[in-house]
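It should be emphasised that the depicted structure is a prediction, and the values quoted were computed from it without experimental measurement.
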Amino acid sequence: MAGLFNDSNPDSGGVLHNPIIKLCHQTGQAPKLAPDWLTAHENERFAELGGDRAAEFLTSRWLIRQTLSKACSANPEHCWPVEGRAIASASPVGWHLSLSHSHGLAACSAQYGSALGIDIEPSKRHPQWQKVVKRWFSPIEQEWLFQEDDPHAFLQAWTLKEAWLKATGRGIAGNLQTLEVRRNFELYGDQPDDHWQACAFYTEGFMCTLVYRQTSAVQDTTWPAISLLEPPPENYSLCAAQALDTHWEPMFRHRIRAKR
């Protein structure tokens with residue numbers, strides 16, 4: 001059943017503990033002059049880029065600020081990430097971040113006080129997926145994926161692994177099997193606790209997968225707050241972005257068990 005995107009506000013304590021996901025489409029070309037809200041480090045990075053990569057970079061940095069703004073009810077101009085890879089907030093402090101962008105769509109997830117990872121992929125992007133499975137997936141994963149012979153099942157498994165590696169702070173090399181995706185998406189990770197969750201949905205022709213660690217030992221069955229924002233304006237100003245009416249199709253939501 002499709003769901004309607006919605007915005008979310010912090011709870012009465014001023015901190016939103018469940019993760020949120022904000023998405024937006026990329027805006028055309030990047031301006032020649034960098035927006036004045038970029039940090040010094042972001043300015044340096046922007047100066048190294050051109051064309052679509054510059055627009056992609058600005059869109060992701062704009063989306064980070066919009067996401068933090070929605071999460072903690074702050075002005076977007078008062079929100080920015082730490083220097084380097086945007087895995088946490090510098091202002092306001094305490095928020096974990098994850099970014100993904102592909103083919104003109106960007107996604108940002110945020111959660112207070114706990115790590116998370118997000119990955120988006122076009123739902124039709126799965127050429128030669130069998131070769132990837134043979135080289136990088138576990139024997140158990142290979143067996144059921146080849147029996148299913150479904151490129152969408154592969155895509156779901158792949159985005160789960162990507163999101164898991166982001167959430168646990170690791171790269172792809174040598175780590176793809178640290179999360180094992182079994183038949184019916186029974187999930188086993190190499191982390192020592194059972195507080196990890198994974199959820200996936202389709203929207204805008206993309207699959208989006210989020211992996212996050214619950215901040216409470218109580219099993220939470222609610223979905224993250226999800227919304228599609230209007231694209232950045234051509235000048236990338238930080239005026240508060242409005243949520244657009246669109247729908248998302250939930251695929252699955254599962255707990256990640258610790259390997260025994």
So which atom in [X] and which in [Y] form the shortest heavy-atom distance, rounded to 0.1 Å?
X    : Y    : result
T209 : A200 : OG1-CB, 3.5 Å
P250 : F201 : CA-CB, 4.0 Å
Q66  : L238 : NE2-O, 3.9 Å
E186 : R257 : CG-NH1, 3.9 Å
E230 : A240 : OE2-O, 4.2 Å
A107 : L23  : CB-CD2, 3.9 Å

Any side-chain heavy atom of [X] sitting closer than 4.5 Å to one from [Y]?
X    : Y    : result
T168 : L179 : no
V133 : F154 : yes
E121 : D119 : yes
I256 : Q191 : no
N175 : W136 : no
I118 : C108 : no
M207 : I120 : no

Does the [X] side chain pair with the main chain of [Y], one donor and one acceptor, at a distance under 3.5 Å?
X    : Y    : answer
H152 : S123 : yes
S69  : A74  : yes
W62  : S237 : yes
R253 : T222 : yes
S109 : I20  : no

Answer with yes or no whether the hydrophobic clustering places [X] together with [Y]; edges join I, L, V, M, F, W, Y residues whose side-chain heavy atoms lie under 4.5 Å apart.
X    : Y    : result
L105 : L244 : yes
L145 : M251 : yes
I140 : W129 : no
V93  : W95  : no
W196 : Y188 : no

F137 and Q177: CA distance, side-chain angles, deciding distance, side chain to side chain contact (heavy atoms under 4.5 Å, CB included) verdict: CA-CA 6 Å; F137 285 34; Q177 293 184 26; 5.7 Å; no
Test side chain to side chain contact (heavy atoms under 4.5 Å, CB included) on F185 and Q156 and set out the steps. CA-CA 9 Å; F185 296 96; Q156 291 171 26; 2.8 Å; yes
Hydrogens and angles aside, do [X] and [Y] bring a side-chain donor and acceptor to less than 3.5 Å of each other?
X    : Y    : value
Q26  : H101 : no
Y212 : Q214 : no
E234 : T27  : no
W80  : S89  : no
E180 : S138 : yes
S98  : K166 : no
R183 : Q147 : yes
E148 : W144 : no

Salt bridge (charged side-chain N to carboxylate O under 4.0 Å, His left out) against E141, all qualifying residues, sequence neighbours excluded: K161
Applying side chain to side chain contact (heavy atoms under 4.5 Å, CB included), run through L97 and I64 and close with a yes or a no. CA-CA 8 Å; L97 300 168; I64 287 172; 3.9 Å; yes
One should read off an interatomic distance between F252 CZ and C199 SG, to the nearest 0.5 angstrom, of 8.5 Å
Step by step, would you call L116 with V211 a side chain to side chain contact (heavy atoms under 4.5 Å, CB included)? CA-CA 6 Å; L116 76 174; V211 168; over 6 Å; no
Sequence neighbours excluded, the answer for side-chain contact (heavy atoms from CB on, under 4.5 Å) partners of R45 is E48, L49, R53, F57
Would you say N235 has more than 12 foreign heavy atoms packed within less than 6.0 Å of its CG? yes
Residue K259 excluded, over 12 heavy atoms near NZ under 6.0 Å: yes
Taking only residues two or more places apart in sequence, or in another chain, which ones meet N43 in a side-chain hydrogen bond (donor to acceptor under 3.5 Å, both in side chains)? none
Determine whether the aromatic ring centres of residues W248 and W223 are separated by less than 6.0 angstrom. yes
Apply side chain to side chain donor-acceptor pair (under 3.5 Å) to residues E83 and T39 and explain how you reach the verdict. CA-CA 8 Å; E83 292 188 352; T39 65; 5.7 Å; no
